[in-house]
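These notes concern the structure reproduced below.
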Amino acid sequence: MERADPVSLTSTFFDRDVEVVARDLIGAELTVAGVGGIIVEVEAYDDQDPASHSYVGPTLRNAVMFGPPGHAYVYRIYGLHWCLNVVTGPVGSGSAVLIRALQPTKGVDAMVTRRGVSELRTLCAGPGRLTHALAIDSSHNGAPLFEAPFSISVQEVKPEVVAGPRIGISKATNLHRRFAAKGSAYLSRPVSLL
DNA sequence: GGTATGATTGACT
DNA sequence: GTCAATCATACCA
C-alpha cells in the first residue's frame with residue numbers, strides 16, 4: 001500500500017503568524033529523543049495579549065519568546081511544573097504556542113515510567129504532565145525544536161481543529177486562542193463552547 | 001530587602 | 001467541590 005511519509009518541520013514553518021502555526025501544529029507529532037506523540041491541544045500567545053508573558057515586553061524570563069521562531073520557551077509554573085512553548089514568527093513578535101496535550105505514540109513505556117501512571121488518556125494531558133513525560137526542563141529553554149533531540153513532523157492525517165477560550169488564565173478570556181483536535185480523548189479538558 | 005502571584009497538578013472532603 | 005505544594009519573576013519599599 002502507498003502512503004506519504006510524515007514531513008519533518010523546519011524553521012520556516014514556525015516563521016508565520018502564531019494562530020496559523022498553532023492550528024497547523026494540531027495533528028503534528030512531537031518527540032524528544034524518540035519519545036512523544038501527536039499534538040492535540042495548544043494555545044496561542046503574543047505581545048499584544050494581556051495574558052501573555054511577553055505582554056510586558058522583553059525580560060530575562062521571556063527573552064526566548066522574542067528570539068528566532070521554532071525555538072523552545074520553557075518556564076516553571078506554580079513553582080513545580082514546566083511548560084513548553086514553541087516560538088513563532090516573525091522575530092521580535094514575542095509570540096509563542098503553548099503545547100498543552102499529546103496523544104502518546106512513541107516511547108510510551110518511558111513516559112509511563114516517568115509519570116508513574118499507565119492510563120494513556122492522562123499521560124500527556126496537560127502542559128505539566130507533558131513536560132514530565134518527555135523529560136523537558138529548563139535545560140531545553142532556547143533550544144531549536146527542528147533539531148535533535150527534538151523532532152516535529154506533520155502527519156498524513158490532519159485532525160479537524162476546534163477553538164475555544166484558553167485555560168487557567170484570568171485576562172483576555174474572551175479570546176478563543178485555544179485549539180484542539182476535535183473529539184480527542186487526550187485533551188487536558190474538553191473544549192468549552194463559550 | 002520583602003511579598004504577591006501564577007499559561008498546574010494531585011490529593012483530599 | 002476545595003486546597004496545598006513550591007519558586008522564579010515582578011513589583012514595591
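So you know, we letter chains A, B, ... as the sequences are listed, proteins then strands, and number each from 1.
- Atom C1' of nucleotide B:dT8 and atom CZ of A:Arg129 are separated by 9 Å, given to the nearest angstrom.
- Atom NZ of A:Lys171 sits in a sparse spot, with 12 or fewer heavy atoms from other residues, nucleotides or ligands closer than 6.0 Å.
- The CD1 atom of A:Ile39 lies 12.0 Å from the CD atom of A:Gln103; values are rounded to the nearest 0.5 Å.
- Looking at the side chain of A:Ser170, the nearest of the listed nucleotides B:dG6, B:dA7, B:dT9 is B:dG6.
- A donor and an acceptor atom, one from each side chain of A:Thr88 and A:Ser95, are located under 3.5 Å apart.
- Atom-to-atom, CG of A:Asp137 to P of B:dT8 comes out at 19 Å; the value is rounded to the nearest Å.
- Atom CG in A:Asn85 sits roughly 11 Å away from atom P in B:dT8 (whole-Å rounding).
- Rounded to a whole Å, the CZ atom of A:Arg166 is 16 Å from the C1' atom of B:dT8.
- Here the options are A:Val87, A:Asp47, A:Asp49, the test is side-chain contact (heavy atoms from CB on, under 4.5 Å), and the partner is A:Ser54; only A:Asp47 passes.
- For the side chain to side chain donor-acceptor pair (under 3.5 Å) test, residues two or more places apart in sequence or in another chain that qualify with A:Glu29 are A:Thr105, A:Lys106.
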Would you tabulate the side-chain donor-acceptor contacts of residues 179-189 of chain A under 3.5 Å, counting partners in other chains and residues two or more places apart, or write 'none'?
from     : atom 1 : to       : atom 2 : distance (Å)
A:Ser184 : OG     : A:Tyr186 : N      : 3.1
A:Ser188 : OG     : A:Glu41  : OE1    : 3.1
A:Ser188 : OG     : A:Glu41  : OE2    : 2.8
A:Ser188 : OG     : A:Arg100 : NH2    : 3.1

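- Paired regions of DNA chain C, where each region holds three or more successive Watson-Crick or G-U pairs whose two hydrogen-bonding distances fall under 3.5 Å, are B:1-6 with C:7-12, B:8-12 with C:1-5.
- Judged by closest nucleotide on DNA chain B, A:Ile169 is the one of A:His132 and A:Ile169 placed further toward the 5' end.
- Distance, A:His81 NE2 to C:dA5 P: 13 Å, rounded to whole Å.
- The pair A:Arg114-A:Asp109 does not count as a salt bridge, with every side-chain nitrogen at least 4.0 angstrom from each carboxylate oxygen.
- Within the structure, no pair that satisfies the salt bridge (charged side-chain N to carboxylate O under 4.0 Å, His left out) test touches residues 124-149 of chain A, not counting sequence neighbours.
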Evaluation steps, side-chain contact (heavy atoms from CB on, under 4.5 Å), between A:Val21 and A:Val86: CA-CA 9 Å; A:Val21 176; A:Val86 187; 5.7 Å; no

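- Within residues 87-121 of chain A, no residue approaches DNA chain C, by heavy-atom distance under 4.0 Å.
- Remark: A:Met65 CE to A:Ser52 OG distance equals 4.0 Å, nearest 0.5 Å.
- For A:Arg177 and A:Asp46, the salt-bridge test passes: some basic side-chain N is under 4.0 Å from an acidic carboxylate O.
- Rounding to whole angstrom units, CZ of residue A:Arg189 and P of C:dG1 are separated by 9 Å.
- With rounding to whole Å, A:Arg178 atom CZ is found 14 Å from B:dT8 atom C1'.
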Close N/O contacts between protein and nucleotides 7-11 of chain C (under 3.5 Å):
from   : atom 1 : to      : atom 2 : distance (Å)
C:dA10 : OP1    : A:Thr59 : OG1    : 2.9

Verdict with supporting geometry, A:Ile38 and A:Gln155, side-chain contact (heavy atoms from CB on, under 4.5 Å): CA-CA 9 Å; A:Ile38 305 293; A:Gln155 308 299 297; 3.8 Å; yes

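- With both ends at atom P, the span from B:dA4 to C:dA4 equals 15 Å, rounded to whole Å.
- A:Tyr45 has its OH atom 13 Å from the P atom of B:dG6, to the nearest Å.
- Between A:Ala125 and A:Lys171, the one whose closest nucleotide on DNA chain B sits nearer the 5' end is A:Lys171.
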